[in-house]
Amino acid sequence: MTASTRENGRRTDEVPVLNIANVLTVVRILLVPVFVVLFFVADAQDPWWRVGAFVVFAVAMFTDYVDGHLARKLGLVTDFGKIADPIADKALIAAALISLSLVDELFWWVTVVILVREVGITLWRLFGVDYVVAASRGGKLKTVTQTVGMGMLILPLPHWVWPVEWIVVGAAVVLTVFTGIDYLVKARRAARTAD
């Protein structure tokens, strides 16, 4: 990754770091501790505080869509955004996973599997610059199922909804593992082609 990488015909070093897309990314990072604090009020047992935590989580995830859309549409892609955006995404998902596991509402193995994949691929993208593979449709579906699954678990939903929650979480785990393996296979293939 170089300071003069081109995005939509513009060099990233010509785009100001202080732009709406990057501001939204920073806001998402700042919302992570807010989410955690709201979630753990009354030991995560008060339904209204859980709803508040869900609202913060939902708003933060929505900024992920908006900042990416604006960055591409308005040509606001920066090197800072390329690094900060995935960190913000993973920090929010990690906060939700770990918080839910700490109150025994999500199996720790689910949290570990998802975090190992997410952190591993993020580090690969940040440091394996020559063999970065574009996000696939499966990767986007994985993000959606993770977001919906975590959101449902954060909300104080009635017991009869629990089977649906676990179906969504199960789908998220399967997609997380599958897309992680798919990414590595494609990256290795790209590396062999480049050699």
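All residue numbers refer to positions in the sequence shown, counting from 1.
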Open item on the list: If you apply the rule side chain to side chain contact (heavy atoms under 4.5 Å, CB included), what do you find for Ile98 with Thr111, and how did you get there?
Closed with: CA-CA 7 Å; Ile98 294 169; Thr111 295; 4.1 Å; yes

TODO: Please test Arg28 against Thr63 for side-chain hydrogen bond (donor to acceptor under 3.5 Å, both in side chains), starting from the C-alpha separation and ending with a verdict.
DONE: CA-CA 7 Å; Arg28 187 158 70 259; Thr63 67; 3.2 Å; yes

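Side-chain contact between Val173 and Trp109 is present, with heavy atoms from C-beta onward closer than 4.5 Å. Proximity of Asp85 to Asp64: side-chain heavy atoms (C-beta onward) are separated by under 4.5 Å at one or more points. Counting only heavy atoms from C-beta outward, the side chains of Val26 and Asn22 never approach each other to under 4.5 Å. Looking only at side-chain heavy atoms (C-beta outward), Leu18 and Val23 come within less than 4.5 Å of each other. Here the side chains of Ile121 and Leu184 are in contact, with some heavy-atom distance below 4.5 Å. Side-chain contact between Leu106 and Trp166: present, with at least one pair of heavy atoms (C-beta onward) separated by less than 4.5 Å.
With values rounded to the nearest 0.5 angstrom, Met150 atom CE is found 12.5 Å from Phe54 atom CZ. Interatomic distance, CG of Leu153 versus CG of Leu97, reported as 9.5 Å (0.5 Å rounding).
The closest donor-acceptor contact from the side chain of Arg50 to the backbone of Ala44 lies under 3.5 Å. Of the possible polar contacts, none joining the Asp43 side chain to the Gln45 backbone as a donor-acceptor pair under 3.5 Å is found.
The two atoms that bring Gly139 and Thr179 nearest to each other are N-CG2, 3.7 Å, heavy atoms only. The minimum heavy-atom distance between Pro47 and Pro156, with the atom names listed, is O-CG, 3.6 Å.
Residues satisfying the salt bridge (Lys or Arg N to Asp or Glu O under 4.0 Å) criterion with Glu118, sequence neighbours excluded, are Lys90, Lys142. Trp108 meets the ring pair (Phe, Tyr, Trp, His ring centres under 6.0 Å) test with no other residue; sequence neighbours excluded.
Classified by interplanar angle (parallel below 30°, tilted 30° to 60°, perpendicular above 60°), the ring pair His69/Tyr65 is parallel.
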